[in-house]
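This report refers to the structure that appears directly beneath it.
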Amino acid sequence: RVFYHRLTRARVLREIAGFVAVTHELATRFAWWNRPTEVIGNGIALDQFKPLPPPPAAAPPRLVFLGTPGSPWHGLERVAEMARLLTACQFDVVGIDAAAWATQT
């Protein structure tokens with residue numbers, strides 16, 4: 001997949017009229033295409049949500065991964081590896097179905 005992506009990427013991207021990125025760092029990766037680029041962060045209005053109380057001091061660190069089903073570029077295998085290595089942490093995987101997660105663990 002990586003080889004195919006690298007082989008065909010330029011062919012696909014040279015026809016692009018512009019780019020939309022979620023961070024300025026990502027936008028700079030496409031600067032050499034000399035196309036209009038807009039950065040629109042993917043966030044939420046935090047002032048519209050009430051914060052949860054802090055966890056108990058003895059609670060293990062909790063790490064959350066937000067993903068989308070069928071997106072192999074997320075690196076779900078790396079999240080699974082971190083979960084295996086960081087046994088003192090609790091991992092919450094959101095947006096990935098159980099079958100996809102089971103293939104990684």
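Just the heavy atoms: all of them, side chains too, but no hydrogens, waters or symmetry mates, feed the values below.
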Establish whether Phe65 and Met82 are linked, either directly or via other cluster members, by ILVMFWY side-chain heavy-atom contacts under 4.5 Å.
-> yes

Report yes if the side chains of Arg6 and Arg9 come closer than 4.5 Å at any heavy-atom pair, otherwise no.
-> no

Residues Arg84 and Glu81 bridged, charged N to O under 4.0 Å | yes

For Val64, which residues count as a side chain to side chain contact (heavy atoms under 4.5 Å, CB included) partner, sequence neighbours excluded?
-> Leu66, Asp92, Val94

Nearest heavy atoms of Pro60 and Ala88, plus distance in Å = CB-O, 3.2 Å

Mind checking what makes side chain to side chain contact (heavy atoms under 4.5 Å, CB included) contact with Leu63, not counting sequence neighbours?
-> Leu86, Cys89, Phe91

For Thr8, what residues pass the side chain to side chain contact (heavy atoms under 4.5 Å, CB included) criterion, not counting sequence neighbours?
-> Tyr4

Under 4.5 Å between any side-chain heavy atoms of Val22 and Ile40, yes or no?
-> no

Whether Arg14 side chain and Trp33 backbone form a donor-acceptor pair below 3.5 Å | no

Look at the side-chain heavy atoms of Ile, Leu, Val, Met, Phe, Trp and Tyr, link any pair under 4.5 Å apart, and say whether Val12 and Phe19 land in one connected group.
-> no

If every non-hydrogen atom of Ala21 is compared with every non-hydrogen atom of Ala27, which pair is closest and at what distance?
-> CB-N, 3.8 Å

Below 4.5 Å, heavy atoms only, C-beta onward: do Val2 and His5 meet side chain to side chain?
-> no

CZ (Arg29) and NE2 (His24) are apart, to the nearest 0.5 Å, by 16.0 Å

With side chains defined as the heavy atoms from C-beta onward, is the minimum distance between Leu13 and Phe30 less than 4.5 Å?
-> yes

